Amino acid sequence: MARNFPYGGYIGQLLRVNLSNKGIVKEDLREDWARDFVGGVGLSARILYGELPAKIDPLGPENKLIMMTGPVNGTMIPAASRSSFCAKSPYTKSFFHSIFGGFLGPELKFAGYDGLIVEGRSEKPVYIWIDDDRVEIRDAGHLWGKDPFTAEDMLRKEIGDEEIHIATIGLAGEEKASYAMILCDIRAAGRGGMGAVMGSKNLKAIVIRGTGGVTVPNMLRVYNTAIRINELFATTPAVQGLSKYGTPRNVAAMNEGGILPTRNWQTETFKGMKDITGEAMREKVVKGDRACFACSINCTKYSVVPKGPYKSIINGADYETIYAFGSLCAVDNIEVLCKADELCDYYGIDLITTGVSIAWAMECYEKGIFSKKDTDGIDLRFGNADGMLAMIEKIGKREGLGELLAKGTREASRIVGQGTERFAIQNKGLEWPGHTCRPFPACAVGYATGPRGGSHHDIRPTAEKSGLVDRKVLEGKGALAAEVNHWLILGDSMLICHLGEPIWGPLKISEHMINALNVVTGWELDFEGARKIAEREWNMIRCFAAREGFTREDDRLPIRFMEEPVPEGPMQGSLITKETLELSLIHISEPTRPLYIS
C-alpha cells in the first residue's frame with residue numbers, strides 16, 4: 001500500500017497547514033487511529049478531541065478545520081464519494097461534522113493525502129493550492145467578496161485547469177455568519193457553520209489537483225464487490241427512484257402519509273404539494289442528471305429556469321430545499337424553490353437553517369409578533385414566495401430582519417421572546433430537517449441524542465416510516481436508534497453516501513457495508529468488530545460534547561413536537577411527550593431494561 005501503510009485504501013499521510021506561520025507539514029497517519037476510527041468523522045473527532053482545548057472560541061485561531069477522507073474514497077466502491085469537514089461549530093458550540101459529496105475528497109487522496117488539517121489564522125485572505133506534492137498558500141485578495149461561483153471560475157482560469165476541484169466560501173463565510181456553508185464543486189458542506197470557521201481563518205478556498213491513485217490489497221475482490229453493490233442499486237426500488245427524481249422522489253408519498261412538514265411544522269400535510277414533487281420538478285425544470293465520483297445512482301438533478309423573475313441554474317433542488325422553502329413556507333412553485341436554492345449557494349448559507357428561520361419568522365408575522373416595520377415592508381405571510389426570496393437576500397446580506405435571522409431560530413427566539421421559542425424548530429441549536437419524528441419514537445430518541453442536534457443523518461426515520469418495525473410500539477426503540485446511529489457514523493467514517501441506505505443499513509450495520517470496508521482495507525472485521533468501532537466513534541463525539549458542557553438535559557426535542565399533536569391527516573394526534581422521550585432515553589442507555597407505558 002502507498003507509503004508502506006499496512007492497510008489498503010489509505011495513503012498513509014495527512015497534510016497540516018498553519019495559516020498563522022505559513023507552515024506546511026506532511027505527517028504520517030497513525031496506524032492505530034486508522035484501525036480504531038477508520039477515517040472521516042471518526043478520525044477527525046479523535047484528532048480534534050486531542051488537539052483542541054475545551055471551551056475555545058470556535059471562530060478563534062485555536063479552532064481547527066479538518067477535511068478528511070475515508071479508506072473507500074477514490075476506489076470503485078459505489079457511493080463512496082463523500083468527504084467531511086469537521087471543527088468545533090460556531091453554531092452549535094460542539095464538535096460538528098458536515099458531509100458532502102462530489103469529487104473533492106477523492107481528489108485529495110489522488111493528490112497524496114488522507115486528510116487536510118487547517119489551523120491558525122492568516123492575516124489576509126488566502127487560498128490553499130494542493131497540486132500533488134506541491135502545496136502553497138496563495139493570496140486571495142482578488143477573490144474576497146466574490147460569490148462562490150465567480151471565485152471558482154476565477155481560480156480555474158488562474159490555474160489554467162478546468163478539471164481542478166474546489167471548496168470555497170461566499171459572503172456569509174467571509175463575514176463569519178454562524179451558519180455559513182462551504183460550496184464543494186456541485187455539492188456543499190452545508191450545516192454547522194463550517195464556512196464560518198473557514199472564513200474566520202481568512203481562507204477563501206481550498207483548490208486540489210491530484211494525479212495519483214489509491215492502492216487496495218486485491219483489485220479483483222474490490223471489483224467484484226463494486227459489481228454486486230451496483231446490481232443492488234439498480235434493482236432496489238428506493239434507490240431507483242433517486243436516479244429518476246433525486247431526493248424529492250417521495251414528496252407526494254410523504255404528503256399522503258401525513259408526514260410532510262408544513263407552515264413551520266404547524267401541520268404535516270401541504271395542499272400545494274403536487275406542484276413541488278420530484279415528478280413536477282422533472283417535468284418543469286430538470287435538464288439532466290449528475291453523479292458524484294464512482295456513483296451509479298445519479299441523484300443530482302441539473303435544473304434550469306431559463307427566464308423570468310426566478311431565472312436560475314442549480315444542481316438540485318434536493319428534498320431539503322423543497323421542504324425548507326416549499327411546504328414549510330407554504331410556497332408551491334418549483335421555480336421559486338430553484339431560485340431560493342441558488343440564492344443560498346450565492347451567499348454561502350445553509351439552506352435548511354435559512355428556510356426554517358424564515359418559516360419561524362412567517363409564524364411570528366402571522367401571530368402579530370413581527371409587523372411590516374420589522375420586516376422592512378415585506379408581507380411575510382406563509383405562501384408569499386417573493387417575500388421569502390427577499391428575506392433570503394436580507395439574511396445573506398445581514399440586513400434588517402435578516403441580521404436577526406442570520407443568528408438562527410434558537411438565538412432569534414431568545415432575543416424576541418414572547419413565547420417564540422415554543423415554535424423554534426431546533427435541537428442543540430441546529431434547525432430541523434424535513435423528516436418528522438412525532439409519529440416515530442426511535443427517530444425521536446435518535447434526534448434528541450444526536451450530537452449535532454436537528455440532523456437526519458444521526459438517525460433515520462426509514463425503519464418506522466416504511467413499516468420495517470411497528471412505529472406504535474415503544475419498547476426497543478432506544479436500542480434501535482443506537483443501532484441505526486452505528487451504521488450512520490461508521491458510514492460517515494468510511495465516507496459512503498447515506499442514500500445507499502437500503503444496502504448499507506437500514507436497521508443496523510449491514511454485511512454489504514462491512515464487506516466493502518474489508519475488501520478495500522484488507523481487514524477481516526465481523527459485525528461485532530464493526531459495531532465496536534462505531535460505538536467508539538460515537539462515544540468520542542459525545543465526550544467532546546460533554547467537555548464543552550453538554551449534558552443529558554440537552555437531549556431534547558423542539559417544544560412543538562412534545563406538546564402539539566399533529567392536527568390533521570393520517571398521523572393526526574401524533575406527538576412525542578416528555579415522558580415518552582424520557583422512557584426511550586432510558587432504554588438507549590439501558591437496553592435490557594423493559595419499558596412500560598401506562
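In this text the structure is predicted, and so the values were computed from the model without any measurement. Sequence positions, counted from 1, serve as the residue numbers for this chain.
R228 has no carboxylate O lying under 4.0 Å from a charged side-chain N of E231, or vice versa, which leaves the two without a salt bridge. A salt bridge between E535 and R531 is present, with a side-chain N of the basic residue lying under 4.0 Å from a carboxylate O of the acidic one. A salt bridge does not link R282 with E279: none of the charged nitrogens is closer than 4.0 Å to a carboxylate oxygen. Ion pair E363/R560 flagged as a salt bridge, since at least one NZ, NE, NH1 or NH2 atom sits closer than 4.0 Å to an Asp/Glu carboxylate oxygen. Salt-bridge formation is not detected for the pair K428/D458: no Lys NZ or Arg NE/NH1/NH2 atom is positioned less than 4.0 Å from an Asp or Glu carboxylate oxygen. Taking 4.0 Å as the cut-off between side-chain N and carboxylate O, R438 and E564 do not count as a salt-bridged pair. Salt bridge annotation for R187-D318: present, with a cationic side-chain nitrogen under 4.0 angstrom from a carboxylate oxygen. Under the 4.0 Å criterion applied to side-chain N and carboxylate O atoms, K301 and D289 are assigned as salt-bridge partners.
In this structure, the ring of W360 has its center no less than 6.0 angstrom from the ring center of Y365. Taking the centre of each ring, F527 and H486 stay at or above the 6.0 Å mark. For an aromatic pair to be called close, the ring centres must be under 6.0 Å apart, and F100 with F85 satisfies this.
Counting only N and O atoms by type, the side chains of T580 and T577 include a donor and acceptor under 3.5 Å apart. R290 and N315 share a donor-acceptor pair across their side chains, judged by distance under 3.5 Å alone. Residues S493 and E537 have side chains that bring a donor and an acceptor to within less than 3.5 angstrom of each other. Side-chain atoms of T353 and R191 include a donor-acceptor pair closer than 3.5 Å. Donor-acceptor pairing under 3.5 Å is lacking for the side chains of Q240 and Y245. Under the 3.5 Å distance criterion, with hydrogens and angles disregarded, a donor-acceptor pair is assigned to the side chains of T462 and E501. If you check the side chains of E268 and T262, you find no donor sitting under 3.5 Å from an acceptor.
Residues S83 and I99 are not in side-chain contact: their nearest non-hydrogen atoms beyond the backbone lie 4.5 Å or more apart. Contact check for M181 versus L183: side-chain heavy atoms found under the 4.5 Å cut-off. A 4.5 Å side-chain heavy-atom check between I489 and I541 finds at least one atom pair inside the cut-off. Side-chain atoms of L328 and W432, non-hydrogen and from C-beta on, never get closer than 4.5 Å to each other. Residues Y323 and L337 have side chains not in contact (no heavy-atom distance under 4.5 Å, counting atoms from C-beta outward). Counting heavy atoms from C-beta outward, E582 and R552 have side chains that approach closer than 4.5 Å.
Not counting sequence neighbours, the partners of E366 by the side-chain contact (heavy atoms from CB on, under 4.5 Å) test are R263, R381, F382.
For the pair K367 and F423, the cation sits on the ring face: its NZ or CZ lies under 6.0 Å from the ring centre, inside 45° of the axis.
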Exercise. Evaluate the ring pair (Phe, Tyr, Trp, His ring centres under 6.0 Å) criterion for residues Y319 and H435: first the C-alpha distance (whole Å), next the side-chain angles of each, then the deciding distance (0.1 Å), finally the verdict.
Key: CA-CA 10 Å; Y319 168 71; H435 303 273; 5.2 Å; yes
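K284 NZ: more than 12 foreign heavy atoms inside a 6.0 Å radius.
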With a 3.5 Å cut-off and sequence neighbours excluded, list the donor-acceptor pairs that the side chains of residues 505-513 form with protein atoms.
residue, atom, partner, partner atom, Å
S510, OG, I503, O, 2.7
S510, OG, W504, O, 3.1
S510, OG, H512, N, 3.3
S510, OG, M513, N, 3.2

